[in-house]
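Notes follow once the structure below has been shown.
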Amino acid sequence: MIQSCQLCPRKCKTDRTRNHGFCGGGASIKVARAALHYWEEPCISGNNGSGTVFFSGCCLQCCFCQNYKISAENYGKEISIERLSQIFLELQSQGAHNINLVNPTHYVPWIIKAIELVKHQLKIPIVYNSGGYETIDTINKLNGYIDIYLPDLKYYDSARSERYSNAKNYFDVASKAIKAMLEQVGKPQFDENGIMQKGVIIRHMVMPKGYKDSIAIFDWIATHFSKNEILISLMSQYTPFYKSNEFPEINRRIFSYEYHKVLDKVNDYQLEGFLQEKSSAKEEYTPTFELQGI
């Protein structure tokens, strides 16, 4: 389907009918898990769970990725577009509040086709859950297919994004993409049970030695969005997975004072959203990947 891939900002131009791109993506969709998930933000998981579909591979390849088994090692199973569309319906029948596409960037054309096959049968919102490293062109392709955008905004400092994700242009790219997401879906909307139906939630995880960078991100958010335009999700769950041991400064959990420096800034700005307790990080945030629901 993609002979000169430019779906993500890497623009590696790989012929994916013959080889795998930087992300690990080839000619077929590859998925590692499709199941109800209860550890997203409350307005996403609700009581029934979010219908998560975890795609294999990743265009960022962060050195600390908690899902490195699927993002870096590319674990998963290749499936057809038709099978993906059926997975959407199966999750809906299990009571999922939404279809949650986790790390989907490098499979967007396939995903669009899968949605088109069952769009008339889907009665729940579709969530695009990504690392925030997106091209405007890819976001534009998703217009009319996505109801909720759930992007990370990982870094402000280009030196940090280059060191840990080999993406020096991360903030410039992600900040523009998030603005495009908001233009597409608008302000947050919820049903009578408080389950999100439309809108953007910007996620940010505080990292070791990174609280100043985190504060810069929330300075930017407060400057560029009004309080009712977006929601934020501040996370404290950083755990040194994957290649973190190659970077001594991030080879530990965050200190309480680091997290509270950022939390104080978020509270000062009175930003709306979700603030994770420092002590709340649990293993459930890293699901097992054993091809459940595939």
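Side chains included, hydrogens not; waters and symmetry mates left out as well; all remaining heavy atoms used.
- With hydrogens and angles ignored, the 3.5 Å screen pairs a side-chain donor or acceptor of Asn74 with a backbone N or O of Gly57.
- For the pair Thr52 (side chain) and Ala35 (backbone), a donor-acceptor distance under 3.5 Å is present.
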Please test Ile254 against Ser236 for side chain to side chain contact (heavy atoms under 4.5 Å, CB included), starting from the C-alpha separation and ending with a verdict.
-> CA-CA 7 Å; Ile254 61 171; Ser236 64; 4.1 Å; yes
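- For Tyr269 and Phe218, the distance between ring centers is not under 6.0 angstrom.
- Taking the six-membered ring wherever Trp is involved, the centroid distance between the rings of Tyr170 and Tyr155 falls below 6.0 Å.
- Figure legend: cation-pi geometry between Arg16 and Tyr107, with NZ or CZ positioned under 6.0 Å from the six-membered ring centre and within 45° of its axis.
- Under the 3.5 Å distance criterion, the side-chain polar atoms of Gln61 are matched with a main-chain donor or acceptor of Cys58.
- One finds no salt bridge joining Lys265 and Asp268 here, because no Lys/Arg side-chain nitrogen approaches an Asp/Glu carboxylate oxygen to under 4.0 Å.
- Under 3.5 Å, the side chains of Tyr259 and Gln276 contain no donor-acceptor pair of N or O atoms.
- By the 6.0 Å and 45° rule, Lys119 stacks over the aromatic ring of Tyr145.
- Among Asn100, Leu84, Val102, the single residue meeting the side chain to side chain contact (heavy atoms under 4.5 Å, CB included) criterion with Val53 is Leu84.
- With contacts defined as side-chain heavy-atom distances shorter than 4.5 Å, the pair Arg160/Met207 qualifies.
- The aromatic rings of Tyr242 and Tyr68 sit parallel to each other, their planes meeting at less than 30°, with 60° as the upper class boundary.
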Report the C-alpha distance between His20 and Thr14 in whole Å, list the side-chain angles of each, state the deciding distance to 0.1 Å, and finish with yes or no for side chain to side chain contact (heavy atoms under 4.5 Å, CB included).
-> CA-CA 7 Å; His20 291 86; Thr14 299; over 6 Å; no
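- Of the charged side-chain nitrogens involved, none lies within less than 4.0 Å of a carboxylate oxygen, so that Lys141 and Glu134 do not count as a salt-bridged pair.
- Between the side chain of Ser158 and the backbone N or O of Asn169, no donor-acceptor pair lies under 3.5 Å.
- Side-chain atoms of Gln94 never come within 3.5 Å of backbone atoms of Leu89 as a donor-acceptor pair (strictly under, hydrogens ignored).
- When the options Val206, Asn267, Ile217 are evaluated for a side chain to side chain contact (heavy atoms under 4.5 Å, CB included) with Leu234, the one that passes is Val206.
- With salt bridges taken as basic N to acidic carboxylate O contacts below 4.0 Å, none links Glu82 and Lys113.
- Between His106 and Phe22, the distance separating the two ring centers is not shorter than 6.0 angstrom.
- For an aromatic pair to be called close, the ring centres must be under 6.0 Å apart, and Phe171 with Tyr156 satisfies this.
- Between the Ser28 side chain and the Glu78 main chain, no donor and acceptor come within less than 3.5 Å of each other.
- For the residue pair Asn98 and Ser50, a side-chain donor N or O sits within less than 3.5 Å of a side-chain acceptor on the partner.
- When the shell of 6.0 Å around CG of Asn47 is examined, it contains 12 or fewer heavy atoms from other residues, nucleotides or ligands.
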Yes or no on side chain to side chain contact (heavy atoms under 4.5 Å, CB included) for Met205 and Lys154, after CA distance, side-chain angles and deciding distance?
-> CA-CA 7 Å; Met205 182 171 67; Lys154 295 178 183 289; 5.9 Å; no
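- Counting only distance, with no hydrogens or angles, the side chain of His37 and the backbone of Ser45 share no donor-acceptor pair below 3.5 Å.
- Residue Lys168 qualifies as open at atom NZ: its count of foreign heavy atoms under 6.0 Å is 12 or below.
- By the neighbour-count criterion of 12 heavy atoms within 6.0 Å, atom NZ of Lys69 is densely surrounded, having more than that number from other residues, nucleotides or ligands.
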Could you walk me through whether Gln92 and Lys123 pass side-chain hydrogen bond (donor to acceptor under 3.5 Å, both in side chains), step by step?
-> CA-CA 8 Å; Gln92 179 175 256; Lys123 310 300 181 186; over 6 Å; no
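- Side-chain atoms of Ser165 do not come within 3.5 Å of backbone N or O of Leu60 as any donor-acceptor pair.
- For the pair Val200/Pro151, a side-chain contact is recorded, criterion being any heavy-atom separation below 4.5 Å from C-beta on.
- The six-membered or imidazole ring of Trp110 lies away from that of Phe55, with a centre-to-centre distance of 6.0 Å or more.
- Between the side chain of Glu229 and the main chain of Ser226, a donor-acceptor pair closer than 3.5 Å is present.
- Using a 4.0 Å cut-off between charged side-chain N and carboxylate O, Glu40 and Arg203 make a salt bridge.
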Walk me through it: do Phe241 and Phe64 pass the test ring-ring contact (aromatic ring centres under 6.0 Å, His included)?
-> CA-CA 5 Å; Phe241 284 106; Phe64 52 86; 10.0 Å; no
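- A salt bridge links Arg163 to Glu249: at least one charged side-chain nitrogen sits closer than 4.0 Å to a carboxylate oxygen.
- A donor-acceptor pair is defined here as one N or O able to donate and one able to accept, closer than 3.5 Å; no such pair exists between the side chain of Ser233 and the backbone of Leu231.
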